[in-house]
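Have a look at the structure below, then the notes.
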Amino acid sequence: HDIRIATLNVNGFRRLGSMPATARAIAGMMNREQVDVLCLQEFPVFADTSVDSLLGCFTPRFPYSVQDGWEAILSRYPIVNHRYAQFADAWNAYLLVDLAVGGDTVRVVSVHLQTTGIASLRARYRKEHDREAPVEALLGEYLREKVSEMLFKA
């Protein structure tokens, strides 16, 4: 079987105004693109809108779904198993599903990877210096932290 998979960091559905409006816009795009499996990172857990109502924006295209932590996977195929795990010392995680596709089982893994951490460095610089951080200062701090991590983990 050909399976069309899409993945998207939805950033809590905060892009187009209300959460349901953003979810409906994404659902419309998935319909047009005939996506079979949709992996969503930063799916809202603490929100004004319920998880069920957000997931409802994606049916009937995706009658099967699983949501855990800040991750969700929606599918046109039955989900027969799933596993969620958060990485140590991070907000990042993965959500794994096994799908029943014809007579086969297909595993899909959605991983929310960690970014460079520049945003947290900017916030820390702003707090410590009461002004916006020059790019050079951020990059220098970022490189110092990464080199330190490499030296002490070796």
Side-chain angles (χ1 to χ4, degrees), residues 3-33 35-59 61-62 64-76 79 81-99 106-154:
I3 300 174
R4 188 171 280 203
I5 300 174
T7 185
L8 179 64
N9 182 323
V10 296
N11 190 28
F13 293 109
R14 296 183 294 242
R15 293 283 188 221
L16 301 174
S18 74
M19 295 172 85
T22 304
R24 283 191 297 274
I26 294 168
M29 183 183 357
M30 296 304 112
N31 280 329
R32 286 189 301 280
E33 296 298 323
V35 170
D36 298 308
V37 179
L38 177 58
C39 303
L40 301 173
Q41 299 86 36
E42 293 187 24
F43 189 89
V45 175
F46 308 107
D48 296 339
T49 306
S50 75
V51 168
D52 289 339
S53 68
L54 285 173
L55 290 173
C57 294
F58 292 90
T59 53
R61 179 88 194 159
F62 301 108
Y64 307 99
S65 65
V66 64
Q67 184 272 326
D68 204 338
W70 288 83
E71 315 299 317
I73 296 179
L74 296 76
S75 175
R76 294 185 52 158
I79 297 171
N81 187 28
H82 76 278
R83 183 171 58 238
Y84 170 82
Q86 188 169 341
F87 299 120
D89 300 323
W91 288 98
N92 307 94
Y94 72 85
L95 179 59
L96 169 152
V97 296
D98 291 329
L99 306 174
V106 175
R107 178 163 287 174
V108 175
V109 182
S110 174
V111 182
H112 183 213
L113 299 173
Q114 184 170 345
T115 60
T116 60
I118 294 292
S120 61
L121 286 174
R122 287 184 73 190
R124 188 171 74 203
Y125 188 95
R126 191 178 313 115
K127 181 179 178 184
E128 291 173 1
H129 300 281
D130 197 29
R131 65 184 173 96
E132 289 300 318
V135 173
E136 298 83 10
L138 285 178
L139 291 176
E141 182 67 22
Y142 175 74
L143 291 173
R144 276 190 294 279
E145 286 186 10
K146 292 302 170 191
V147 168
S148 177
E149 285 176 17
M150 290 183 335
L151 292 174
F152 291 111
K153 286 186 178 180

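We count residues from 1, following the sequence as given. Values in this document were obtained by computation on a predicted structure and should not be read as measured data.
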* **Worked check of side-chain contact (heavy atoms from CB on, under 4.5 Å) between Gln86 and Trp70** => CA-CA 10 Å; Gln86 188 169 341; Trp70 288 83; over 6 Å; no
* Under a 4.0 Å N-O cut-off, is there an ion pair linking Asp98 with Arg107? -> yes
* Qualifying residues under side chain to side chain contact (heavy atoms under 4.5 Å, CB included), relative to Ala27, sequence neighbours excluded -> Phe58
* Apply side chain to side chain donor-acceptor pair (under 3.5 Å) to Ser110 and list each qualifying residue two or more places apart in sequence or on a separate chain. => Gln41
* Should Val97 and Asn81 count as side-chain neighbours, where that means a heavy-atom distance under 4.5 Å? -> no
* For the side chain to side chain contact (heavy atoms under 4.5 Å, CB included) test, which of Val37, Val35, Leu8 pairs with Met30? -> Val35
* Reported CG-to-CG distance for the pair Leu40 and Asn9, which is rounded to 0.5 angstrom -> 9.0 Å
* Would you call Val111 and Phe87 a side-chain contact if the rule is heavy atoms closer than 4.5 Å? -> yes
* Taking the side chain as every heavy atom from C-beta outward, state whether Ile79 and Leu99 have any pair of such atoms under 4.5 Å apart. => yes
* Between Val108 and Cys39, what is the shortest heavy-atom contact and its length? -> CG1-SG, 3.8 Å
* Asked: How many angstroms lie between CG in Leu38 and CE in Met29, if you round to the nearest 0.5 Å?
  -> 9.5 Å
* Asked: Got a second to check how far Ser75's OG is from Tyr64's OH, nearest 0.5 Å?
  -> 8.5 Å
* To do: Could you grab the distance from atom CD of Glu71 to atom CG of Leu96, nearest 0.5 Å is fine?
  => 12.0 Å
* Value rounded to 0.5 Å, distance of CZ in Arg61 from CD in Glu33 -> 10.0 Å
* **Steps toward side-chain contact (heavy atoms from CB on, under 4.5 Å) verdict (Tyr94, His112)** => CA-CA 6 Å; Tyr94 72 85; His112 183 213; over 6 Å; no
* To do: For Leu55 and Ser65, work out which heavy atoms get closest and say how close.
  => CD1-OG, 3.7 Å
